[in-house]
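Here is the structure we will look at.
Remember, it's 1-based here, ligands and their atoms both numbered in the order they're listed. Source: prediction; values computed, not measured. Residues: numbered from 1 along the sequence shown.
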Amino acid sequence: MTRKWYSVDQHGVATLCADQEDAKAVAEGSNLSFPQNAPHHAVQLADAAKLTLARGLLRALLDNMPGIPDPDCSCHLSPPCYDCTEYGGIREIIADAEAYLEKDGRDE
Ligand SMILES: [Zn+2]
């Protein structure tokens, strides 16, 4: 099943769009034309049960990650340091995932 794209305003009013690009364009245009209803977002409807399962799996992954050492940056001595090149990327991903789960269930 191809999921449909919508532009949705702050009140939850949805406008069916042709595709993702159309939904982004409609959302941007609506922000300008109807600022009282902004922000508008390009969205797809999602199965809440699948989303809950995915969040649970992400939580389990984060809780069972092999040890990532605490930051020990020495870029001030020889940039970029081993700690940043080896672990900087995964630390950012973990922080983004934790932030995502933190706002779980809350409006953005
Ligand atoms: Zn560093």
Can you give the donor-acceptor pairs under 3.5 Å from side chains of residues 24-32 to other protein atoms, not counting sequence neighbours?
{"residue": "Ser30", "atom": "OG", "partner": "Val26", "partner atom": "O", "Å": "2.8"}
{"residue": "Asn31", "atom": "OD1", "partner": "His40", "partner atom": "N", "Å": "2.8"}
{"residue": "Asn31", "atom": "OD1", "partner": "His40", "partner atom": "ND1", "Å": "2.8"}
{"residue": "Asn31", "atom": "ND2", "partner": "Ala27", "partner atom": "O", "Å": "3.4"}

> Hey, is Asp83 close enough to Arg91 for a salt bridge, meaning N to O under 4.0 Å?
Replying inline: yes
> Roughly how far apart are Leu45 CG and Tyr6 OH, rounded to 0.5 Å?
Replying inline: 4.5 Å
> Is the shortest distance from a Lys or Arg side-chain nitrogen in Arg59 or Glu98 to a carboxylate oxygen in the other one below 4.0 Å?
Replying inline: yes
>> The criterion is side chain to side chain contact (heavy atoms under 4.5 Å, CB included); which residues satisfy it with Thr52, sequence neighbours excluded?
In response: none
>> Once salt bridge (charged side-chain N to carboxylate O under 4.0 Å, His left out) is applied, what residue pairs with a partner in residues 29-39 remain, sequence neighbours excluded?
In response: none
> Counting only protein atoms, how many N/O/S atoms are less than 2.8 Å away from the Zn ion (ligand 1)?
Replying inline: 4
